[in-house]
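Everything on this sheet refers to the single structure shown next.
This is a predicted model, so every value here is computed, not measured.
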Amino acid sequence: MTVSADDQLISQWLDGLSPQTQQYYRATTEKFLAFVRKPLVEVTLADVQAFNKFVSRRTKAASTAARNLSVVKSLLSFGHALGVLPLNAGALVKSPRPHQALTERILSEQDVRAMIAAEPNPRNRTMLGLLYTAGLRVSELCALKWKDLRARGECGQVTVCGKGNKTRVVLLPPDIWQELMELKGYAGPKDPVFKSRKLSGHLQRAQVMQIVRQAAHRVGIEENVSPHWLRHSHASHSLERGAPIHLVQATLGHRSIATTGLYLHARPQDSSALYLGAISTKEVEGRTTVGILPAAHQRLDGEHIDAELVEVTSDEARGRNLLDETTSI
């Protein structure tokens with residue numbers, strides 16, 4: 001199999017994907033081919049395993065290594081399914097399960113509103129509001145033209161072209177719609193909604209990243225917040241406020257409802273831990289007592305849970321611990 005045959009296979013594999021996905025997949029594939037130094041038809045299980053170890057050692061984030069492996073496995077699986085590759089060399093390589101950092105990328109409602117309110121530039125303030133309100137990806141926001149927006153009474157709607165060229169329509173509340181109309185001025189239907197001042201045409205992804213990061217730092221958020229954090233926050237906050245999960249799925253354009261469901265696990269509204277009393281240790285007349293404080297917590301749904309105060313001397317506590325250690329649970 002020649003190098004040109006590899007290129008043809010890769011082009012077929014990438015067909016129909018978004019430009020951003022194609023760029024990332026192609027770069028990862030080039031990295032893999034440079035590592036193995038052989039055509040895809042000769043790639044073995046050992047090659048894939050060695051590449052996975054190589055990437056894992058060189059990258060700090062486990063999620064990055066997992067994405068690299070996923071891309072390679074996808075290409076090899078595609079080639080084998082077509083009959084171009086004699087075997088699927090990546091089938092037996094298990095993809096690592098990276099640490100779920102979603103909860104770390106969800107801003108509070110107060111932080112989001114502070115970021116928007118503190119933004120001095122009207123265009124950027126509207127952009128932040130639309131990213132959060134509509135749950136847009138940064139690529140979707142950058143591609144918007146005024147023809148993609150339509151009035152709906154006092155409200156409006158935006159038609160978004162998302163991953164895999166799938167189109168979805170998102171309704172917008174009156175406040176963000178009014179801000180968009182004020183921003184429009186005399187722009188034509190084919191003009192970009194968010195124009196770049198430095199470059200002609202649409203605002204670029206890197207520019208949006210910088211605007212969002214500066215907005216976060218302006219209100220004291222030290223993390224390197226990206227536009228996608230506002231999308232995460234939209235999903236979490238809307239679910240917390242009672243939005244049906246299938247509606248959130250449709251608004252965000254998730255292919256699977258399981259993806260939307262991750263936000264429920266990232267910020268649960270209740271936990272069995274909250275049913276336990278707060279443990280305190282205190283000195284009473286020279287004795288150390290271990291107690292469970294009363295009225296230990298109030299659940300996030302507002303229901304009060306009372307806990308009985310139990311005093312145990314330190315000697316009793318040690319005795320119970322010894323008993324516990326000999327008991328199988």
Side-chain angles (χ1 to χ4, degrees), residues 63 66-67 97-117 119 125-141 144 152 154-164 166-177 179-180 208-209 212-213 215-216 219 221 223-276 297-305:
S63 58
R67 284 196 300 270
R97 181 172 294 179
H99 168 66
Q100 179 54 263
L102 179 59
T103 184
E104 302 167 9
R105 298 170 183 169
I106 298 175
L107 300 166
S108 69
E109 286 195 46
Q110 293 82 355
D111 283 343
V112 172
R113 297 185 187 282
M115 284 174 59
I116 296 172
E119 173 57 59
R125 186 168 57 249
T126 302
M127 185 192 71
L128 292 171
L130 185 61
L131 278 170
Y132 173 66
T133 304
L136 300 182
R137 300 178 178 94
V138 63
S139 58
E140 297 168 346
L141 177 103
L144 285 178
R152 292 277 297 270
E154 294 183 354
C155 303
Q157 68 178 46
V158 57
T159 302
V160 181
C161 183
K163 282 187 174 182
K166 291 185 178 180
T167 300
R168 68 184 190 278
V169 178
V170 180
L171 294 178
L172 302 175
D175 55 347
I176 190 66
W177 180 252
E179 288 188 23
L180 284 164
V208 178
M209 293 279 287
V212 172
R213 188 169 292 123
V219 295
I221 302 173
E223 292 90 348
N224 287 325
V225 176
S226 75
H228 218 72
W229 287 39
L230 295 174
R231 177 175 162 89
H232 291 323
S233 300
H234 168 105
S236 178
H237 299 166
S238 58
L239 287 170
E240 288 174 359
R241 285 175 170 268
I245 190 171
H246 67 274
L247 179 60
V248 180
Q249 176 194 10
T251 300
L252 297 182
H254 287 156
R255 180 180 302 177
S256 169
I257 201 168
T259 303
T260 315
L262 292 175
Y263 294 96
L264 293 172
H265 299 293
R267 289 176 47 117
Q269 294 299 292
D270 205 358
S271 163
S272 58
L274 301 182
Y275 288 76
L276 304 177
H297 104 293
Q298 181 178 8
R299 267 177 32 191
L300 296 183
D301 61 9
E303 181 180 344
H304 288 274
I305 298 175

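- Side-chain contact between Gln157 and Leu171 is present, with at least one heavy-atom pair separated by less than 4.5 Å.
- Between atom NE2 of residue His254 and atom NZ of residue Lys163 there is a gap of 8.0 Å, rounded to the nearest 0.5 Å.
- Proximity of Arg152 to Leu172: side-chain heavy atoms (C-beta onward) are nowhere separated by under 4.5 Å.
- Taken from NE2 in His228 to OG in Ser226, the straight-line distance is 7.5 Å, to the nearest 0.5 Å.
- Here His246 pairs with nothing under the ring-ring contact (aromatic ring centres under 6.0 Å, His included) rule; sequence neighbours left out.
- Listed here is the closest heavy atom pair of Leu128 and Ala215: CD1-CB, 3.8 Å.
- Shortest non-hydrogen contact noted between Pro227 and Val208 is CG-CG1, 3.8 Å.
- Note: Leu141 CG to Leu131 CG = 4.5 Å, rounded to the nearest 0.5 Å.
- Considering CE of Met115 and CG of Leu230, their distance stands at 5.0 Å, rounded to 0.5 Å.
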Working note: Ile245 + Leu239, criterion side chain to side chain contact (heavy atoms under 4.5 Å, CB included); need CA distance, chi angles, decisive distance, verdict. CA-CA 7 Å; Ile245 190 171; Leu239 287 170; 4.2 Å; yes

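- For the atom pair CH2 of Trp177 and OG1 of Thr126, the computed distance is 12.5 Å after rounding to the nearest 0.5 Å.
- Although no hydrogens or angles enter the test, the distance criterion places a donor-acceptor pair under 3.5 Å between the side chain of Arg231 and the main chain of Leu252.
- Looking at heavy atoms from C-beta onward, Leu144 lies in side-chain contact with Leu136 at the 4.5 angstrom threshold.
- Pairing each heavy atom of Val170 with each of Thr251, the nearest pair is CG2-O, 3.7 Å.
- Atom CD1 in Ile116 sits 10.0 Å away from atom CE in Met127 (nearest 0.5 Å).
- By the side chain to side chain donor-acceptor pair (under 3.5 Å) test, Glu119 pairs with Arg218, sequence neighbours left out.
- The closest donor-acceptor contact from the side chain of Thr133 to the backbone of Gly129 lies under 3.5 Å.
- Inter-residue side-chain proximity for His237 and Tyr132 is flagged as met; some heavy-atom pair is nearer than 4.5 Å.
- Ser238 meets the side chain to side chain donor-acceptor pair (under 3.5 Å) test with no other residue; sequence neighbours excluded.
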